[in-house]
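What you see is a predicted model; the values in this text were computed from it and never measured.
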Amino acid sequence: MIKKQPPLQTSQKSEEVISGRVDINILLNRARKAQEKENRTNLIFIGLTLCLICIVGMILSF
């Protein structure tokens, strides 16, 4: 026997209509955040490198 299955339903699109426009301020903020994160990472590596150089210099001076 073949059982009748309910018809397939397609997914409903959200009622919010997304326009094709992009807000430049959102993109600029995203770019600034990425740049700040990259700058912070670079500063951390530079600081660690300088600390390592200072420590090695003190060890070699004794």
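Ile55 places a side-chain heavy atom less than 4.5 Å from the side chain of Ile59.
Rounding to the nearest 0.5 Å places CG of Leu48 at 11.0 Å from CD1 of Ile53. Distance check, rounded to the nearest 0.5 Å: CD1 of Ile26 to CG of Asn29 gives 8.0 Å. Atom-to-atom distance recorded for Asn25:CG and Arg32:CZ is 8.0 Å, nearest 0.5 angstrom. Taking CG of Leu28 as the reference point, atom CG of Asp23 lies at 9.0 Å (rounded to 0.5 Å). Distance check, rounded to the nearest 0.5 Å: CD of Glu36 to OG1 of Thr41 gives 11.5 Å.
Note on Met58 and Leu50: separate hydrophobic clusters, where clusters join Ile, Leu, Val, Met, Phe, Trp and Tyr whose side-chain heavy atoms are under 4.5 Å apart, directly or indirectly.
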